[in-house]
Amino acid sequence: MTEKNDFFQSIEVRDFTRDIAQYNLGPLWDAIPDLMKKEPTPQAEAYLWKYDLLKKKLVEATKIFTPERGGERRAIYFQNPGLTYRQPWGWASATQTLYAAIQLILPGETAPSHRHVQNALRYIIEGEGAYTIVQGQRVFMERGDYLITPGGLWHGHGHPGDEPMIWMDCLDIPTVFHLGGTFFENHPDHLEKPSVPDNYTAQRYEGGMVRPISDRYPQIAPVGAYKWNATEAALAGLSRFEPDPCDGYAVEYINPSNGATANPTIGAWMQKLPANFHGKAHRHTHSSIYHVHEGSGYTIINGVRFDWEKGDFFVVPNYAWHEHVASEDSYLFSCNDLPIIEKFNLERKEEYEKNNGFQTVTGEFKALLS
C-alpha cells in the first residue's frame with residue numbers, strides 16, 4: 001500500500017480526488033506513500049555556520065538593537081535552509097524540532113525575566129562577568145558551562161562585568177509551535193530578584209556524582225549549571241580507555257535526581273575527539289546541533305565534507321550518515337532531540353557497513369563568510 005500506483009494517475013481517480021477536496025477531504029490511498037516513508041526523509045539539511053561571521057553580525061547588532069529599544073534578547077538564530085517554507089519565520093528551525101541561536105549581552109545591560117513552556121539551555125562560548133537568574137538563583141557564567149532552563153521557570157540575564165558575553169541558546173520552539181502549545185509571560189519586576197545565594201545549585205553539587213539527600217526525589221532542575229572543569233575532568237577519565245568507534249569520548253548532561261536528561265526535551269553531550277581520531281559512520285533518528293568548543297577537523301554528512309574549527313556550528317539532520325574526524329584534540333558540544341524522539345519510541349540506530357565503516361566523500365560544503 002505504500003508504493004505509488006499508476007492507476008492513481010488515471011482520469012477517474014484524479015476526478016474523484018478533486019471532487020472530495022471541495023469537502024475538505026483527502027485520498028489516503030494516494031497520500032500514504034508520501035506520508036509513511038520506509039525511513040525518515042527530513043526536510044532539514046546538513047549545514048555549517050562559521051563563528052567569525054556569527055560574531056561579526058552580533059557585534060553589528062549591538063549598534064542597532066538594545067534592551068531600551070524593546071528587544072527581549074539580542075539573539076540571532078540559525079535558520080535551516082531546508083525549513084524556510086515553514087511560516088512564520090521558518091519556525092526558527094535549526095532542525096525539524098529544535099531552535100538554536102547565538103546571543104550577546106554587553107556590560108551594564110539586562111535582559112528582562114520571563115517564562116515560557118519551551119525548554120531552554122545555554123552553552124557559554126566566550127566572555128565573563130554576566131549571569132543568568134533562574135527562579136531566584138543568579139548563576140554567573142564561564143566559558144564551557146552548560147546551563148538549563150526547563151519550561152515554566154522564570155529566567156533573565158544581567159551583566160555587571162566589563163566585557164561582552166556570548167553564548168549559544170537551544171530551545172524546543174519548533175516542536176512546541178507545531179503542537180500549538182505556546183504560553184509566555186513577562187515577570188512583573190522586569191528582572192527577577194535573587195532569593196538564594198549565587199551559584200547555589202552548582203555549589204550543592206561540587207561533589208560530582210553524589211547528591212544531597214534532599215534531592216533523592218525527582219526535581220525538574222536540581223542543578224542549574226554544569227561547570228566546564230567538571231565536564232573536562234569526566235572526559236579526561238574516559239580518555240584512559242578505548243574511545244567509542246563513532247563518537248570518541250562522550251558524556252551526557254543528566255538530572256541527578258532522576259537520571260534523565262538534564263532538560264526534559266533536549267539532550268546535551270560533550271565529546272572529546274583525540275587528535276587523528278576518525279570515527280566510523282552511523283545514523284540515528286534523532287538530529288543534533290554541534291558547536292566546536294575547541295579544536296579543528298571535519299564531519300562527513302551523507303558523503304559531504306564539512307570542515308570545522310573552534311567556534312563553528314553545524315547541523316546533522318535526523319537519520320543522516322555522519323562521521324567525525326579530528327585534526328587535533330577537539331571538543332564538540334552538541335544538543336539533540338533524542339528525548340523527544342524516545343518519547344514517541346522512534347529512535348533507531350544503524351552503523352555504516354560499507355568500506356569498513358567509512359563514507360566516500362562526494363563533495364565539500366562551502367560555508368558562507370563575511
Side-chain angles (χ1 to χ4, degrees), residues 1-9 26-48 78-86 90-91 93-100 170 172-179 244-247 250 252 261 265-269 271 278-290 298-306 314-325 332 334-365:
M1 188 175 181
T2 57
E3 300 293 337
K4 289 285 187 180
N5 190 321
D6 290 340
F7 173 66
F8 297 158
Q9 301 304 313
L28 176 62
W29 52 86
D30 208 7
I32 198 169
D34 296 318
L35 298 177
M36 300 178 72
K37 300 284 189 179
K38 292 182 178 180
E39 61 184 40
T41 55
Q43 291 85 37
E45 298 177 10
Y47 200 80
L48 183 145
F78 303 117
Q79 178 61 65
N80 191 291
L83 301 174
T84 55
Y85 70 90
R86 292 177 167 181
W91 297 1
S93 303
T95 72
Q96 301 284 125
T97 53
L98 297 179
Y99 157 104
C170 182
D172 53 6
I173 289 174
T175 299
V176 174
F177 185 88
H178 179 65
L179 294 174
D244 179 272
C246 297
D247 291 313
E252 179 179 20
T261 51
T265 57
I266 309 173
W269 298 1
Q271 62 195 102
H278 191 148
K280 292 192 173 185
H282 64 159
R283 64 180 178 180
H284 36 64
T285 316
H286 70 269
S287 60
S288 300
I289 305 166
Y290 284 87
Y298 61 91
T299 297
I300 304 170
I301 308 173
N302 285 340
V304 178
R305 173 171 165 159
F306 291 74
F314 62 96
V315 166
V316 176
N318 51 308
Y319 222 58
W321 293 113
H322 59 285
E323 62 192 81
H324 302 301
V325 184
L332 302 181
S334 64
C335 43
N336 60 64
D337 58 2
L338 181 57
I340 298 173
I341 297 298
E342 287 182 329
K343 281 179 172 62
F344 289 93
N345 194 31
L346 299 177
E347 179 68 351
R348 302 289 188 274
K349 301 178 182 178
E350 184 179 359
E351 295 183 357
Y352 193 74
E353 296 182 351
K354 301 176 183 177
N355 194 32
N356 198 33
F358 302 112
Q359 300 174 78
T360 299
V361 176
T362 57
E364 293 187 14
F365 179 82

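Just the heavy atoms: all of them, side chains too, but no hydrogens, waters or symmetry mates, feed the values below.
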Looking at [atom1] of [X] and [atom2] of [Y], how far apart are the two atoms once the value is rounded to the nearest 0.5 Å?
X	Y	atom1	atom2	value
T97	I341	OG1	CD1	6.0 Å
L338	E252	CG	CD	7.0 Å
T41	N318	OG1	CG	9.0 Å
N336	Y290	CG	OH	8.0 Å
L332	F314	CG	CZ	5.5 Å

Query - Results of side-chain hydrogen bond (donor to acceptor under 3.5 Å, both in side chains) for S288 - residues two or more places apart only - result: none
Requested in this report: Would you please name every residue forming a side-chain hydrogen bond (donor to acceptor under 3.5 Å, both in side chains) with T175, sequence neighbours left out?
Outcome: none
Query - Criterion side-chain contact (heavy atoms from CB on, under 4.5 Å) on V361 and I300, from CA distance to verdict - result: CA-CA 7 Å; V361 176; I300 304 170; 3.7 Å; yes
Requested in this report: Mind running side-chain contact (heavy atoms from CB on, under 4.5 Å) on F306 and H322 for me, showing each step along the way?
Outcome: CA-CA 10 Å; F306 291 74; H322 59 285; over 6 Å; no
Please find the pair of heavy atoms, one from [X] and one from [Y], that lie closest to each other, and give the distance.
X	Y	answer
I340	F344	O-CD1, 3.3 Å
P174	W91	CG-O, 3.7 Å
W321	E351	CZ3-C, 3.6 Å
D30	D34	O-OD2, 4.3 Å
Q79	S93	NE2-O, 3.6 Å
V304	E364	CG1-C, 4.0 Å

Query raised in the report: Can you name the side chain to side chain contact (heavy atoms under 4.5 Å, CB included) partners of Y85, sequence neighbours left out?
Result: Q43, L83
Could you check whether any side-chain heavy atom of [X] comes within less than 4.5 Å of a side-chain heavy atom of [Y], counting everything from C-beta outward?
X	Y	value
I266	L98	yes
V315	E45	no
R86	F177	no
F365	I301	no
F358	K280	yes

Report task. Begin with the C-alpha distance, continue with both residues' side-chain angles, and end with the deciding distance and a verdict on side chain to side chain donor-acceptor pair (under 3.5 Å) for E347 and H286. Result -> CA-CA 7 Å; E347 179 68 351; H286 70 269; 2.8 Å; yes
Query raised in the report: Will you find, in the side chains of D337 and S287, an N or O donor that is under 3.5 Å from an N or O acceptor?
Result: yes
Short side-chain to backbone donor-acceptor contact, [X] and [Y], under 3.5 Å:
X	Y	answer
T261	G267	no
N80	A94	yes
T285	R348	yes

Query raised in the report: Out of R283, H282, Q359, which residue meets the side-chain hydrogen bond (donor to acceptor under 3.5 Å, both in side chains) rule with E323?
Result: Q359
Report task. Report, as yes or no, whether the 6.0 Å neighbourhood of atom CD on E39 holds more than 12 heavy atoms from other residues, nucleotides or ligands. Result -> yes
